[in-house]
There are 2 protein chains.
Amino acid sequence: MLSMACKDAIRAMIYIVKKKSDDFISINEIAKELDLSFYFLSKILQKLVKQGLLESYRGPKGGVRLAKKPKDIKLLDIIEAIDGNAFFTECVLGFKECSDSEPCAIHSKWAKEREKIHKLFANTTLQKIEKELENKLNIKL
Amino acid sequence: MLSMACKDAIRAMIYIVKKKSDDFISINEIAKELDLSFYFLSKILQKLVKQGLLESYRGPKGGVRLAKKPKDIKLLDIIEAIDGNAFFTECVLGFKECSDSEPCAIHSKWAKEREKIHKLFANTTLQKIEKELENKLNIKL
DNA sequence: ATTATTTAAGACTTGAAAGTCTTAAATATA
DNA sequence: TATATTTAAGACTTTCAAGTCTTAAATAAT
């Protein structure tokens with residue numbers, strides 16, 4: 001469902017928010033902590049910079065940091081920045097024309113569940129995730 | 001979410017059940033009617049034969065037909081035959097260890113919605129789809 | 001100024017899914 | 001029996017995401 005790049009992007013964003021740092025965080029640090037390829041993660045985070053979710057700074061003490069408040073960054077923003085919105089708009093059976101008026105055989109039921117997932121991602125901000133991480137132990141990053 | 005192969009498999013199965021034929025239906029016919037590649041569809045349906053969802057017969061008047069009653073074939077059977085069950089078992093963020101006891105940051109919410117989709121696919125049999133197709137116009141195949 | 005450190009950009013390689021083709025095996029029919 | 005028709009199996013090619021690497025640009029610290 002989510003691409004590898006998207007999963008990595010979400011994990012990186014959670015790592016960043018969890019640090020609660022006003023300084024820039026180097027991509028190298030994030031890659032090491034999350035056991036990701038520095039090269040691959042760099043490319044992914046560049047997209048988040050371009051989408052305005054992160055801001056970056058070059059040179060020593062450079063890195064990335066959130067461009068907005070954690071309460072204003074939704075999981076959905078990250079997903080759409082990396083994977084686009086195909087999952088939330090395209091027919092589950094792949095019909096170009098599938099819609100409420102011209103549905104495929106499972107359109108209505110699928111659209112209903114898909115909308116719940118859309119809301120889940122739209123309602124889950126980095127702030128909420130951060131809060132959960134504070135309250136619970138045993139949470140994987 | 002579903003692979004191309006899986007989407008094609010579902011469409012083909014719906015086409016077959018809709019025909020209500022005791023005879024074998026040639027893959028060539030299905031491919032033409034659904035505007036799919038004969039080669040690609042052949043490979044996909046071979047998997048469904050191996051999984052026991054279809055039975056096939058070679059030679060003139062050969063083809064494929066359902067190996068079970070429409071009420072005993074679930075959408076989930078088709079999906080698992082082609083794509084496996086990764087979507088329903090793997091962590092949305094890609095953690096190997098993610099589980100109820102060792103959750104990732106969004107495990108519980110995701111697992112809840114995912115289970116609904118699992119049930120949707122498990123409850124939707126070819127018979128139910130066939131019934132809907134009879135009742136409604138404008139249903140895309 | 002020079003050097004080290006960091007992201008930016010884009011070229012390049014790899015791997016897996018998608019898609020095509022060829023040959024073999026089964027079988028109905030003439 | 002010979003032929004045409006159909007699926008089976010697997011080799012082959014294409015496409016695109018995943019992943020790697022190199023060079024450039026920015027900037028802090030010495």
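By convention in this document, chain letters (A, B, ...) are assigned in the order of the sequence lines, proteins followed by strands, and residues within each chain are numbered from 1. Because the structure is predicted, anything quoted here is derived from the model rather than measured.
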Protein within reach of the bases, or only the backbone? For nucleotides 15-23 of chain C, mark each nucleotide 5' to 3' as B, S or -, using heavy atoms under 4.0 Å.
---SBBBB-

Side-chain hydrophobic cluster, 4.5 Å single linkage: members besides B/M4
none

Separation of A/K47 atom NZ from C/dA9 atom P, in whole Å?
13 Å

Atom of A/A9, atom of A/I44 and distance for their closest heavy-atom approach:
CB-CG2, 3.6 Å

Measure the distance from NZ on A/K32 to C1' on C/dT6 and round it to the nearest whole Å.
13 Å

Does the side chain of A/F121 come within less than 4.5 Å of A/D77's, by heavy atoms?
no

Sub-3.5 Å donor-acceptor pair from the side chain of B/N138 to the main-chain atoms of A/S101, do we have one?
yes

Looking only at heavy atoms, what is the nearest atom pair of A/A81 and A/L53, with distance?
CB-CD1, 4.2 Å

Would you classify A/S26 as touching base, sugar-phosphate or nothing, given that sugar-phosphate means primed atoms plus P, OP1 and OP2, and contacts are heavy atoms under 4.0 Å?
sugar-phosphate

Strictly distance-based, threshold 3.5 Å: is any side-chain N or O of B/D83 a donor or acceptor partner for the main-chain N or O of B/S3?
yes

For A/E55 and D/dA26, give me the distance from atom CD to atom P, rounded to whole Å.
18 Å

Would you indicate, yes or no, if C/dA9 has its OP1 or OP2 atom less than 4.0 angstrom from a side-chain nitrogen or oxygen of A/K50?
yes

Quick one, which residues of residues 90-98 of chain A touch DNA chain D with a heavy atom under 4.0 Å?
none

Apply salt bridge (Lys or Arg N to Asp or Glu O under 4.0 Å) to the pair B/E132 and A/K109, showing each step before the final yes or no.
CA-CA 12 Å; B/E132 273 201 45; A/K109 287 174 182 170; 3.7 Å; yes

Atom CG of A/D23 and atom P of C/dT5: how far apart are they, to the nearest Å?
18 Å

Report the distance from atom OG1 of A/T124 to atom CD1 of A/I78, rounding to the nearest 0.5 Å.
10.5 Å

Is the number of heavy atoms from other residues, nucleotides or ligands within 6.0 Å of NZ (B/K69) greater than 12?
no

Nearest whole Å is fine: how far is D/dA17 P from A/I44 CD1?
13 Å

Sorted by first residue and then second, give each ring pair (Phe, Tyr, Trp, His ring centres under 6.0 Å) pair with at least one member in residues 20-42 of chain B; sequence neighbours left out.
B/F24-B/Y57

Rounded to the nearest angstrom, tell me the gap between atom CZ in A/F24 and atom P in C/dT6.
13 Å

Does D/dA8 have OP1 or OP2 under 4.0 Å away from a side-chain N or O of B/S56?
yes

List every contact pair, protein side and nucleotides 28-30 of chain D side both N or O, where the distance is under 3.5 Å.
{"residue": "D/dA28", "atom": "OP1", "partner": "A/Y57", "partner atom": "OH", "Å": "2.1"}
{"residue": "D/dA29", "atom": "OP1", "partner": "A/K61", "partner atom": "NZ", "Å": "3.4"}

Sequence neighbours left out, cut at 3.5 Å: what donor-acceptor pairs do the side chains of residues 14-21 of chain A make with other protein atoms?
{"residue": "A/Y15", "atom": "OH", "partner": "A/E29", "partner atom": "OE2", "Å": "2.6"}
{"residue": "A/K19", "atom": "NZ", "partner": "A/E29", "partner atom": "OE2", "Å": "2.8"}
{"residue": "A/K20", "atom": "NZ", "partner": "A/E134", "partner atom": "OE2", "Å": "2.5"}
{"residue": "A/S21", "atom": "OG", "partner": "A/D23", "partner atom": "N", "Å": "2.9"}
{"residue": "A/S21", "atom": "OG", "partner": "A/D23", "partner atom": "O", "Å": "3.4"}

Separation of atom CD in A/Q46 from atom P in D/dA25, rounded to whole Å:
15 Å

Rounding to a whole Å, what distance do you find between B/L45:CG and D/dA8:P?
9 Å

